[in-house]
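Heads up, the thing below is written out as structure tokens.
Just so you know, ligand 1 is whichever comes first in the structure, and atom 1 is the first atom listed for that ligand.
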Amino acid sequence: MPALGMGTWRMGERGRDRSREVAALRRGLDLGMTLIDTAEMYGDGGAEKVVGQAIAGRRDQVFLVTKVYPHNASRRGVVAACERSLARLQTDWIDLYLLHWRGDVPLAETVAGFEQLRASAKIRHWGVSNLDRGDMEELLALPDGGRCAVDQVLYHLDCRGIEWDLLPLCRRHGIAVMAYSPFNEGRLLRNRRLIALAKGLGTSPAHIALAWLLAQRNVASIPKAGDAAHVEDNYRALTLKISPELQSEIDRLFPPPTRSTPLAMI
Ligand SMILES: NC(=O)c1ccc[n+]([C@@H]2O[C@H](COP(=O)([O-])OP(=O)(O)OC[C@H]3O[C@@H](n4cnc5c(N)ncnc54)[C@H](OP(=O)(O)O)[C@@H]3O)[C@@H](O)[C@H]2O)c1
């Protein structure tokens, strides 16, 4: 799975933004940011349609991630929701299919639906999102629970709680952590501490925020950019190396957790 991808929340909501959004995603694919994250929820299916247009003719280059609503995540519901997503995405398969957050449907039912989709090659892998340590332990205790490939969670410089227990647990079980909202929906890029740090290094807040995430073992990230210039800027974050000195400075400005805290989510 590529470590740096592109998010699509808030895409597909307004027809007039569509060509700009498609162009931004295509620019990212041109650069090699080949993971695209979307969800049936985003734009009420609109984001999946934008993604379908962006990947047309280049499906083989893309690692496609989408998510099922918890209320659609029963054994049968997840199969039907997947079919609808495939139609909007105009593809025959999804590379990674996630439960968007935990709802009332027992995890065992969702896993059974995911496994059925995997057996019929509609999805290649499955995972979860917004599941904290206790939920992950419950999932891992299920017969096929160990097949979970990813937990997609809120994780950025100003929100490091998962480092206490969830990230180590995922590492132990070979489950990748996909960090969503790496810029805290853009707010982190206006953080004075981060701006000053970037200025001193002659780089940008976005580069530090992303390079820090990607420097960590087992962590991928999916910044969203509807602007192609932002996509290009995010791609350049791959060139920033986090030295031990920079890591210490980051830890001083954005301290790691000192105790267990519940998983934050948007
Ligand atoms: N699983 C979940 O529950 C969950 C929850 C939230 C998000 N997500 C996923 O994670 C993705 C990313 O999170 P997010 O959309 O919440 O927010 P984000 O990636 O933290 O921030 C997006 C904002 O940052 C701006 N931006 C991006 N790159 C920039 C750059 N280089 N310089 C300046 N500004 C930049 C974007 O502007 P422009 O758009 O104008 O370029 C946008 O306003 C989502 O799109 C979605 O796919 C998943």
Which one holds for A206 and ligand 1: side chain close, backbone close, both close, or neither close, with close meaning a heavy atom under 4.0 Å?
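The answer is the side chain of A206.
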
For ligand 1, note which part of D233 has a heavy atom under 4.0 Å away: side chain, backbone, both or neither.
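Under 4.0 Å from ligand 1, D233 contributes side-chain atoms alone.
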
Is the shortest N/O to N/O distance between [X] and ligand 1 below 3.5 Å?
{"X": "F183", "answer": "yes"}
{"X": "G226", "answer": "yes"}
{"X": "T8", "answer": "yes"}

Cation-pi check, R59 to W93: give yes when NZ or CZ is under 6.0 Å from the six-membered ring centre and within 45° of the ring axis, no otherwise.
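Ring-cation test returns yes.
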
Run the contact test for M6 against ligand 1 with a 4.0 Å cut-off on heavy atoms, strictly below, and give the result.
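The answer is no, since M6 has no heavy atom less than 4.0 Å from ligand 1.
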
Closer than 4.0 angstrom: is that true for some heavy atom of Y42 and an atom of ligand 1?
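Flag set, Y42 near ligand 1.
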
Suppose I only count heavy atoms of E185 and a 4.0 Å limit; which atoms of ligand 1 are within that range?
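Counting atoms of ligand 1 from 1, those under 4.0 Å from E185 are 16 (O), 17 (O), 18 (P), 20 (O), 21 (O), 23 (C).
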
Identity and distance of the protein heavy atom lying nearest atom 12 (C) of ligand 1:
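Residue, atom and distance for the closest contact: I222 O, 3.1 Å.
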
Nearest-option assignment for [atom], heavy atoms, candidates [options]:
{"atom": "atom 29 (C) of ligand 1", "options": "M11, M178, H230", "result": "H230"}
{"atom": "atom 14 (P) of ligand 1", "options": "A24, A47, S181", "result": "S181"}
{"atom": "atom 39 (O) of ligand 1", "options": "K224, R20, Q152", "result": "K224"}

